[in-house]
Protein chains: 2
Amino acid sequence: MADGAERQQTRRRGAALEEAILRAAVEELTASGYAGLTMDKVAARAGTNKNALYRRWPHRLALGIAAYRRLATAVQPPDTGSLRGDVLALLHGANRHWSSPLGAILRELMAAAGGATELLAQLQDQSADATAAPWLTVLGRAVARGEAAPEALHPRVATVAVVLLRNEFVVRGVPSVPDEVLVEIVDEVYLPLVRGRGGPVRPV
Amino acid sequence: MADGAERQQTRRRGAALEEAILRAAVEELTASGYAGLTMDKVAARAGTNKNALYRRWPHRLALGIAAYRRLATAVQPPDTGSLRGDVLALLHGANRHWSSPLGAILRELMAAAGGATELLAQLQDQSADATAAPWLTVLGRAVARGEAAPEALHPRVATVAVVLLRNEFVVRGVPSVPDEVLVEIVDEVYLPLVRGRGGPVRPV
DNA sequence: CAAGTAAGGTACTGTCCGTACCCTAAATCC
DNA sequence: GGATTTAGGGTACGGACAGTACCTTACTTG
């Protein structure tokens, strides 16, 4: 044990040790991203060794994902009173998230997971349900107000805006998507779409 | 030089050598994907050594992208006579492409490129223009036929369907997206969107 | 034919994952 | 409370690969 972390008085076990490892992993992750998350460094920082890590996570990526999950928080649906306001708020939130260091880590993890479904599913930003939930909430209210057509209450439709935003990140390598693009997504695509074929259900 | 490839009679130079290296890289790429593309193996297969590779490409990813470009071909816009037919055809094509081994390689490369704009731009599947072109062509014809609103002739709007499809690949780790999903994207999202707020410009 | 340039050969550094093995502290069982 | 089982700790490797250095050798060009 490299004695960077002071030698433990009493040997930690089970949950306590797991906690310490995860904390160390989170620190490494925020400090150097997933690329800089090495098993040796995490073990050293947690004051343990790689055995303890591999006994709990089968490989580096699993540990990376577990650490990321400590950092990610669920999106709260906004309530600005208008659909356009809510949608822009959600989009701004997503843009901020993906632009943040945390978003960069998320993208690294997604890249590393490649097509591994069972790993991707653990990244909640990634889980279809978690993404769709706030959009459905917001849209539900808009439908009640007559600002959107009921057919729009469909995950595929409801999440179109955020999917387009994610696409901006993927396709351009940009660090952050400019506000004009968000507005364009909302006004050119999303609102026309959810208002349904016949224009606003009821003029707003 | 490991003598796997027969010893050259005469020493290749410049373009001839570059060609041989690229051919070897393409073979490695198709055989084992980007993950299996190692500089040592490419050099061995080309009957040369890593120096020749690094003299031409600064790192593995650059070589991987160069090799991929040999394999990718441009999308031809279909002309089925109806917008729905064209759109489904384009979507099927994209689905087939991304489901193919080649698509898997593309996804690996995109993942490896991360946010490196200048590298991403070299993956033409990735370049915004190359993606948008066939969609604009198809939509242009639809507008002329009165099947779509002229406002739809906007890259962001025109490419919505293929962006949603790509999202399916990214979010689920699926090997291939089922046809029902394509139809849903077209009927629930794309057609309502491009027909414009007032329903079909002219009944079809 | 001389000089310059690009290839070839080879060996090495450095990083890091994942594993193996053996020793020791802590919990658990009788 | 001692014996047994389980989990941690220390440490050392094996094995891949990227990327680099450096020297020798063939080809090209003036």
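Atoms considered below: every heavy atom in the structure, side chains included; atoms not considered: hydrogens, waters and symmetry mates. Numbered from 1 within each chain, the chains take letters A, B, ... in sequence-line order.
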Specify the separation, in whole Å, of atom [atom1] of [X] and atom [atom2] of [N].
{"X": "A:L63", "N": "C:dG18", "atom1": "CG", "atom2": "P", "value": "11 Å"}
{"X": "B:N49", "N": "D:dA26", "atom1": "CG", "atom2": "C1'", "value": "14 Å"}
{"X": "B:I21", "N": "C:dG8", "atom1": "CD1", "atom2": "C1'", "value": "12 Å"}
{"X": "B:L53", "N": "C:dA6", "atom1": "CG", "atom2": "P", "value": "16 Å"}
{"X": "A:E28", "N": "C:dC17", "atom1": "CD", "atom2": "P", "value": "11 Å"}
{"X": "B:L17", "N": "D:dA26", "atom1": "CG", "atom2": "C1'", "value": "13 Å"}
{"X": "B:L61", "N": "D:dG19", "atom1": "CG", "atom2": "C1'", "value": "15 Å"}

Any N/O pairs under 3.5 Å between the protein and nucleotides 14-18 of chain D? List them or say none.
residue : atom : partner : partner atom : Å
D:dA18  : OP1  : B:R60   : NE           : 3.2
D:dA18  : OP2  : B:M39   : N            : 3.1

OG1-CG distance between A:T159 and A:L164, expressed to the nearest 0.5 angstrom: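 Spacing of OG1 (A:T159) from CG (A:L164) equals 9.5 Å.
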Atom pair CG (A:N95) and CZ (A:R166), whose distance is rounded to the nearest 0.5 Å: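 Between A:N95 CG and A:R166 CZ, I get 13.0 Å after rounding to 0.5 Å.
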Side-chain donor/acceptor of A:N51 to base of C:dA20, under 3.5 Å: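 Counting by modelled atom types and ignoring angles, a donor-acceptor contact under 3.5 Å is found here.
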Any salt bridge between [X] and [Y], counting N to O under 4.0 Å?
{"X": "B:E188", "Y": "A:R156", "result": "no"}
{"X": "B:R70", "Y": "B:E19", "result": "yes"}
{"X": "B:E147", "Y": "B:R195", "result": "no"}

Distance test, side-chain N/O of A:R55 to OP1/OP2 of C:dT19, below 4.0 Å: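 Checking C:dT19 against A:R55, no side-chain N or O comes under 4.0 Å of OP1 or OP2.
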Atom CZ of B:R56 with >12 non-hydrogen neighbours under 6.0 angstrom: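 Atom CZ in B:R56 is crowded, with more than 12 foreign heavy atoms closer than 6.0 Å.
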